[in-house]
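Please read these numbers as outputs of a predicted model, since none were measured by experiment.
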Amino acid sequence: MDLQELHEQIRNCTKCPLHRHRKNAVPGEGSMKLGVMLVGEAPGAVEDEQGRPFVGSAGQLLTKSLSQLGVRREDVFITNVVKCRPPENRTPREDEVEACMPYLLKQIEILKPRRVVALGLVSAGALLRHMGRGVERLSDVRGRCFKGRVAGVELEVCVTYHPAAVLRNPKLRGEFQSDLAVFFGGGLERYF
C-alpha cells in the first residue's frame, strides 16, 4: 500500500462515529524532505471544511513558527492522530484515538520519518505509548525527545504544546518556539 491508497482509505473510513458528521476526513499533507512529521490531535472546523491539516488559526501559528525557523510547511509531513473532526472540537476520546491509530502507524511505516514532533498531550500519549512509555501530563514530556521504534521505524518522538494551546495561552509561545527551534535545529543534519 502506498500513501495515496492509505489516504483514500482514511477518506472513506467508518471505523468510529466521527465519520457521520465530517465534511472531509483529513489524512495529512507535505513531504519528507526534512525527515520530519508533525502530529496534532484532530482536525478542527476549518480543516474539516478543506480536508487539509492545520489550516485554521492554530495552523497559521504553526506555519508562521516554522517559517521563523526557515522551515517551509511543505518540507514536513503534517497530520493528526484522529483524522476526523470531533464535535465542537472536543478532545478525541480514547476509542477514537484507537480507531485511527492504525492509520497514523501506517503513515509512519510508509514515510519513515526520523523525527516526529508530537503537538500536545493526545499526540504525545498515543505515540509514546507505542514506544512503551506512559504519559500523564504534557509537562512531564514537553521539550524532550524520546528515541525508539514506532511501526517498525527507528525514530525520535519530540513533544511540545499544541498550537491551539499557545493561542489560548500566549505565555506558552516562547517555550513553543524554542521547542521547535531545538527540534528543527537539534541534530537533524546527522540524518542527511
Side-chain angles (χ1 to χ4, degrees), residues 1-11 24-44 46-47 50-83 100-120 122-124 126-128 130-131 142-164 166 173 175-192:
M1 174 182 300
D2 67 17
L3 197 60
Q4 189 174 341
E5 292 169 320
L6 176 63
H7 287 187
E8 197 54 37
Q9 274 188 13
I10 292 168
R11 287 185 192 98
N24 291 290
V26 183
E29 67 182 25
S31 75
M32 279 286 103
K33 184 172 182 182
L34 296 180
V36 177
M37 178 184 275
L38 299 170
V39 181
E41 64 178 43
V46 179
E47 291 78 10
Q50 295 185 25
R52 296 181 59 218
F54 284 92
V55 290
S57 54
Q60 291 167 18
L61 173 62
L62 179 62
T63 300
K64 182 178 179 184
S65 297
L66 292 173
S67 178
Q68 289 172 346
L69 298 170
V71 176
R72 295 179 334 145
R73 178 186 166 100
E74 55 269 20
D75 291 342
V76 295
F77 190 84
I78 304 174
T79 191
N80 287 291
V81 175
V82 173
K83 310 302 188 188
C100 265
M101 198 62 192
Y103 293 133
L104 178 60
L105 295 174
K106 192 68 177 172
Q107 286 174 317
I108 290 170
E109 182 185 320
I110 291 168
L111 293 168
K112 297 180 178 23
R114 292 290 162 235
R115 186 169 287 166
V116 177
V117 177
L119 302 168
V122 171
S123 176
L127 288 160
L128 292 176
H130 279 272
M131 295 171 88
R142 195 223 107 240
R144 297 173 55 200
C145 294
F146 302 88
K147 291 184 180 198
R149 246 175 155 43
V150 177
V153 178
E154 196 68 38
L155 50 71
E156 288 181 323
V157 173
C158 301
V159 183
T160 191
Y161 300 110
H162 193 286
V166 177
R173 192 172 193 145
E175 290 177 280
F176 176 68
Q177 193 67 41
S178 72
D179 286 348
L180 290 179
V182 168
F183 301 159
F184 279 90
L188 275 175
E189 65 282 348
R190 74 176 176 261
Y191 295 122
F192 304 101

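Using a cut-off of 4.0 Å between Lys/Arg side-chain N and Asp/Glu carboxylate O, Glu29 and Arg52 are scored as salt-bridged. Between Glu154 and Arg114 there is no salt bridge, since no side-chain N of the basic residue sits under 4.0 Å from a carboxylate O of the acidic one.
Residues passing the side chain to side chain contact (heavy atoms under 4.5 Å, CB included) test with Lys64, sequence neighbours excluded: Gln68, Arg173. Under the side-chain hydrogen bond (donor to acceptor under 3.5 Å, both in side chains) criterion, Glu5 pairs with no residue, sequence neighbours left out. Applying the salt bridge (Lys or Arg N to Asp or Glu O under 4.0 Å) test to Arg142 and every residue at least two apart in sequence or in another chain returns Glu175, Asp179. Annotation: ring pair (Phe, Tyr, Trp, His ring centres under 6.0 Å) contacts of Phe54 (sequence neighbours excluded): His162. Residues passing the side chain to side chain contact (heavy atoms under 4.5 Å, CB included) test with Val46, sequence neighbours excluded: Gln50, Val55. Residues satisfying the side-chain hydrogen bond (donor to acceptor under 3.5 Å, both in side chains) criterion with Asp75, sequence neighbours excluded, are Arg72.
Between Pro163 and Ala58, the shortest heavy-atom distance links the atoms CB-O, 3.4 Å. Across all non-hydrogen atoms, the minimal contact from Tyr161 to Phe176 is O-CE1, 3.4 Å. Closest approach of Gly51 and Pro27 over heavy atoms only: O-CD, 4.4 Å. Across all their heavy atoms, Ile108 and Ala151 have their closest contact at CG2-CB, 4.2 Å. Shortest non-hydrogen contact noted between Lys112 and Glu109 is NZ-O, 2.7 Å. Nearest heavy atom pair, residue Cys100 against residue Val81, reads CB-O, 3.2 Å.
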Checklist entry - Does the pair Asn24 and Arg11 meet the rule for a side chain to side chain contact (heavy atoms under 4.5 Å, CB included), with working shown? => result CA-CA 7 Å; Asn24 291 290; Arg11 287 185 192 98; over 6 Å; no
Next on the checklist: Run Leu104 and Leu127 through side chain to side chain contact (heavy atoms under 4.5 Å, CB included) and show every step you take.
Outcome noted: CA-CA 9 Å; Leu104 178 60; Leu127 288 160; 4.0 Å; yes
Item to check | side chain to side chain contact (heavy atoms under 4.5 Å, CB included) evaluation trace for Val159 with Leu128 | outcome: CA-CA 10 Å; Val159 183; Leu128 292 176; 4.3 Å; yes
Item to check | side chain to side chain contact (heavy atoms under 4.5 Å, CB included) between Val36 and Phe184, worked out | outcome: CA-CA 9 Å; Val36 177; Phe184 279 90; 3.8 Å; yes
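Taking the side chain as every heavy atom from C-beta outward, Pro113 and Met32 approach each other to under 4.5 Å. Counting heavy atoms from C-beta outward, Leu6 and Tyr103 have side chains that approach closer than 4.5 Å. Contact check for Val39 versus Leu119: no side-chain heavy atoms found under the 4.5 Å cut-off. For the pair Leu38 and Thr79, the minimum side-chain heavy-atom distance is 4.5 Å or more. Looking at Val116 and Val150, their side chains never come closer than 4.5 Å, going by heavy atoms from C-beta outward. Between Met37 and Val117 there is no side-chain heavy-atom pair separated by less than 4.5 Å.
Atom CG of residue Leu62 and atom OG of residue Ser57 lie 11.5 Å apart, to the nearest 0.5 angstrom. Of the inter-residue distances, the one linking Glu8 atom CD with Leu3 atom CG reads 12.0 Å to the nearest 0.5 angstrom.
Listed for the Ser67 side chain is no donor-acceptor partner under 3.5 Å among the backbone atoms of Thr63. A side-chain donor-acceptor contact under 3.5 Å links Arg115 to the backbone of Phe183. Here the side chain of Asp2 pairs a donor or acceptor atom with the backbone of Gln4 at under 3.5 angstrom. Side-chain atoms of Gln177 come within 3.5 Å of backbone atoms of Ser65 as a donor-acceptor pair (strictly under, hydrogens ignored).
When His7, Glu47, Gln9, Gln107 are each tested for a side chain to side chain donor-acceptor pair (under 3.5 Å) with Lys83, only one passes: Gln107.
Looking only at atom types and distance, the side chain of Ser123 has no donor-acceptor partner in the side chain of Glu41 under 3.5 Å away.
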